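The structure appears right after this line, and notes come after that.
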Amino acid sequence: MVRVRFAPSPTGYLHVGGARTALFNWLFARHSGGAFVLRIEDTDRERSTDEAIEQIVASLRWLGLDWDEYYRQAERHERHLEAAESLLRSGAVYERDGAWWFRVPEAGATVVHDELVGDVRFDNDQLKDFVIRRSDGTFVYNFVVVVDDVDMGITHVIRGDEHLNNTPKQMRIYQALGYPMPLFYHLPMILGADRGKLSKRHGATSVLEYRDRGILPEALVNFLVRLGWAYGDEEVFARDDLVRLFALGDLNKSAAVFEDAKLLWLNQQHMKRADLDSLVHLVEPLVIARGRVTSEMWARVESERLRVGANLLRDRAKTLHDLAATMEILFPVPVECEDGAAVSETQARLMRAVASAIESLSPYTPETIECAVRGVLEREGATLKDVALACRLAVTGRKAGPGLFEILAAIEPATVVARLRAAHARLSGAGEGGS
RNA sequence: GUCCCCAUCAUCUAGCGGCCUAGGAUACCGGGCUUUCAUCCCGGCGGCAGGGGUUCAAAUCCCCUUGGGGACGCCA
């Protein structure tokens, strides 16, 4: 039975590097039908905070990484003390200045068998005796991690590269306690664009920041898993695919740079594939948060209209915020025109004609709208190019967007007609002294 | 400084001795489609860090150099 754990220290938010470590552990557990344990490593009472725990939990939940067991390391103090006392009795540990020190022999070497990196040899003379229990009575990471991993039956320790140098110390503890060792996998780091340690100056590093930027969790998961793992030439993976295909043997051992461009592309890909109702549901609070559409207005628009609109608009959005911005036009709010081409008097007249032609259309569909508009154009001797931009601008406020007939059909006819007439009045009214 | 790890296009990667005059993806640049933008499709640009070996044959194995990263806490 596979048992793995993710063991963050609650000293800050969950960053994308930690999230990827958690993801690999979770994928391996789910792929193998094993257990995924979340263990909060809060033995440093100075730096651990409850807020950090809440942030980490919220991040994992948002990513969809569910755990089967949950532990707080600080709550296992009695058990740690018991293990440490046995080492004190056996002489592997001695007390000095109130702290408990683990004795490391100077001769020989300790070889770490890492399943990813291979055998790594550390000469023991580099290892010095180290503290396992502070003088305040609390225990130190290198000791408790071993006791907990053994007690929790962890079979595979999959963790960040920075722990490779700690592993020989931990191995000595496994040996002193007479415990069997798990398999070790030390993952390469995620770097910033300058190949340095990923930090704030590279942009967002917190998982929750990506949520707030309108990234879908499945897109972040897809992006992170591809930092160090590949399945042939495949790029876009649904969560189920990952669980099915993931294998530790396919992990890469070189560090990867985190770059936003591909994440945004993946986000678009996942938005294109997303269930429409879910997408509409996700974008609702974002639209309302923009301040122009109220929740009452949202509730009044038929859900089918929202689905159709979201479907048309999602091909043009990299993030949920992009989608929210364009979804606004589906509601009866004043249109704010971006700077556009000048609209001629002819175009203004045509818009009025279009408004009348579609005013009482039934059914009101892209096909019937196209038919009506083309009828107007034919009578007026104009082409679609003559009115498309003007109508689009009048109705959506933008120069670019979905096909004209599709987007007109997605908006309530009364709103469309009102916007066309308002634009006509604004344009021709100026010449007639205003009205 | 000491120790450890890593090294294929700008970036993510495929490659696990012959299938490689190195494949895919993002980004970028062209073209197609279209009422516009996007999606989509087609094309282009672009890489095995350098040097030694081993081998009939090396991106793939070994060594050195260089470069990058990490660890050296009574942090995790």
Side-chain angles (χ1 to χ4, degrees), chain A residues 7-12 18 40-44 46-48 73 96-101 112 114 116-118 120-123 125-128 130-142 144-145 159-168 186 188-191 193-197 223-236 249-250 252-266 268-269 271-272 312-318 322 326 340-341 370 373 377 383-393 396 398-405 407:
Chain A
S9 65
T11 53
I40 303 295
E41 308 229 316
D42 55 352
T43 54
D44 182 352
E46 296 285 301
R47 303 199 304 152
S48 299
Q73 203 159 45
R96 193 181 71 208
D97 304 333
W100 291 16
W101 294 73
V112 175
D114 187 286
L116 195 58
V117 180
V120 185
R121 178 195 167 91
F122 296 87
D123 287 328
D125 55 16
Q126 295 158 207
L127 265 52
K128 296 172 297 186
F130 57 94
V131 169
I132 65 162
R133 190 185 192 197
R134 303 180 184 91
S135 38
D136 70 1
T138 59
F139 289 95
V140 169
Y141 167 74
N142 276 125
V144 289
V145 72
R159 78 224 305 191
D161 224 348
E162 68 271 21
H163 291 293
L164 184 55
N165 290 293
N166 287 141
T167 310
H186 287 96
M189 297 196 61
I190 295 180
L191 309 176
D194 58 0
R195 299 215 138 259
K197 195 167 187 167
F223 178 75
L224 289 176
V225 80
R226 289 285 288 103
L227 260 31
W229 179 86
Y231 184 76
D233 288 339
E234 301 287 312
E235 293 289 351
V236 183
D250 295 327
N252 224 105
K253 55 181 179 175
S254 53
V257 171
F258 189 106
E259 275 205 332
D260 274 2
K262 194 163 184 176
L263 171 60
L264 289 172
W265 175 77
L266 276 171
Q268 183 171 38
Q269 294 301 314
M271 284 175 69
K272 280 158 63 81
L312 286 172
L313 265 2
R314 64 175 162 179
D315 278 351
R316 291 159 184 80
K318 295 275 195 197
D322 293 345
T326 51
E370 173 160 14
V373 170
L377 293 173
T383 66
L384 221 211
K385 282 196 182 192
D386 292 331
V387 281
L389 180 63
C391 288
R392 178 188 304 288
L393 213 43
T396 72
R398 291 159 201 271
K399 285 182 285 186
L404 183 63
F405 308 121
I407 195 65

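The model shown is predicted, which means the values in this text are computed figures rather than measured ones. Hydrogens, waters and symmetry mates play no part in the numbers below; they use all other heavy atoms, side chains included. Residue numbering restarts at 1 for every chain, and letters A, B, ... go by the order of the sequence lines.
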Measure distances between side-chain N and O atoms of [X] and base N and O atoms of [N], and say whether any donor-acceptor pair falls under 3.5 Å.
{"X": "Glu234(A)", "N": "G24(B)", "answer": "no"}
{"X": "Arg392(A)", "N": "U35(B)", "answer": "yes"}
{"X": "Asp161(A)", "N": "A71(B)", "answer": "no"}
{"X": "Ser135(A)", "N": "C74(B)", "answer": "yes"}

Round to the nearest Å and state the distance from [X] atom [atom1] to [N] atom [atom2].
{"X": "Leu377(A)", "N": "U35(B)", "atom1": "CG", "atom2": "P", "value": "12 Å"}
{"X": "Trp101(A)", "N": "C74(B)", "atom1": "CH2", "atom2": "C1'", "value": "7 Å"}
{"X": "Glu162(A)", "N": "A76(B)", "atom1": "CD", "atom2": "P", "value": "13 Å"}
{"X": "Arg159(A)", "N": "G70(B)", "atom1": "CZ", "atom2": "C1'", "value": "14 Å"}
{"X": "Asp233(A)", "N": "C20(B)", "atom1": "CG", "atom2": "P", "value": "14 Å"}

Which part of the nucleic acid, if any, lies within contact of [X], taking any heavy atom under 4.0 Å across all strands shown: a base, the sugar-phosphate backbone alone, or nothing?
{"X": "His186(A)", "result": "nothing"}
{"X": "Ser254(A)", "result": "sugar-phosphate"}
{"X": "Leu227(A)", "result": "sugar-phosphate"}
{"X": "Phe122(A)", "result": "sugar-phosphate"}
{"X": "Asp97(A)", "result": "base"}
{"X": "Gly228(A)", "result": "sugar-phosphate"}
{"X": "Gln269(A)", "result": "sugar-phosphate"}
{"X": "Arg195(A)", "result": "sugar-phosphate"}
{"X": "Pro402(A)", "result": "base"}
{"X": "Leu384(A)", "result": "base"}
{"X": "Glu235(A)", "result": "base"}

Using both distances under 3.5 Å as the test, list the Watson-Crick or G-U wobble partner of [N], or none.
{"N": "U21(B)", "value": "none"}
{"N": "A71(B)", "value": "U2(B)"}
{"N": "A7(B)", "value": "U66(B)"}
{"N": "A14(B)", "value": "none"}
{"N": "G43(B)", "value": "C29(B)"}

Nucleotide nearest Asn165(A) when distance is taken to its side chain, options C5(B), G70(B), A14(B):
G70(B)
Quick one: is [X] getting a side-chain N or O under 4.0 Å of the [N] phosphate, OP1 or OP2?
{"X": "Lys262(A)", "N": "C12(B)", "answer": "no"}
{"X": "Arg314(A)", "N": "C37(B)", "answer": "no"}
{"X": "Thr43(A)", "N": "C75(B)", "answer": "no"}
{"X": "Lys128(A)", "N": "C74(B)", "answer": "no"}
{"X": "Asn252(A)", "N": "A14(B)", "answer": "yes"}
{"X": "Arg47(A)", "N": "G73(B)", "answer": "no"}

Can you tell me, in whole Å, how much space there is between the P of G15(B) and that of G24(B)?
15 Å
If every non-hydrogen atom of Leu384(A) is compared with every non-hydrogen atom of Leu404(A), which pair is closest and at what distance?
CD2-CD2, 4.4 Å
Between Thr167(A) and His163(A), the two heavy atoms sitting closest are OG1-O, 3.0 Å
If each of Gln126(A) and Val131(A) is mapped to the nucleotide of RNA chain B with the nearest heavy atom, which maps nearer the 5' terminus, i.e. the 5' end?
Gln126(A)
Which residue lies toward the 5' end of RNA chain B, Ala261(A) or Asp250(A), if each is placed at its nearest nucleotide?
Asp250(A)
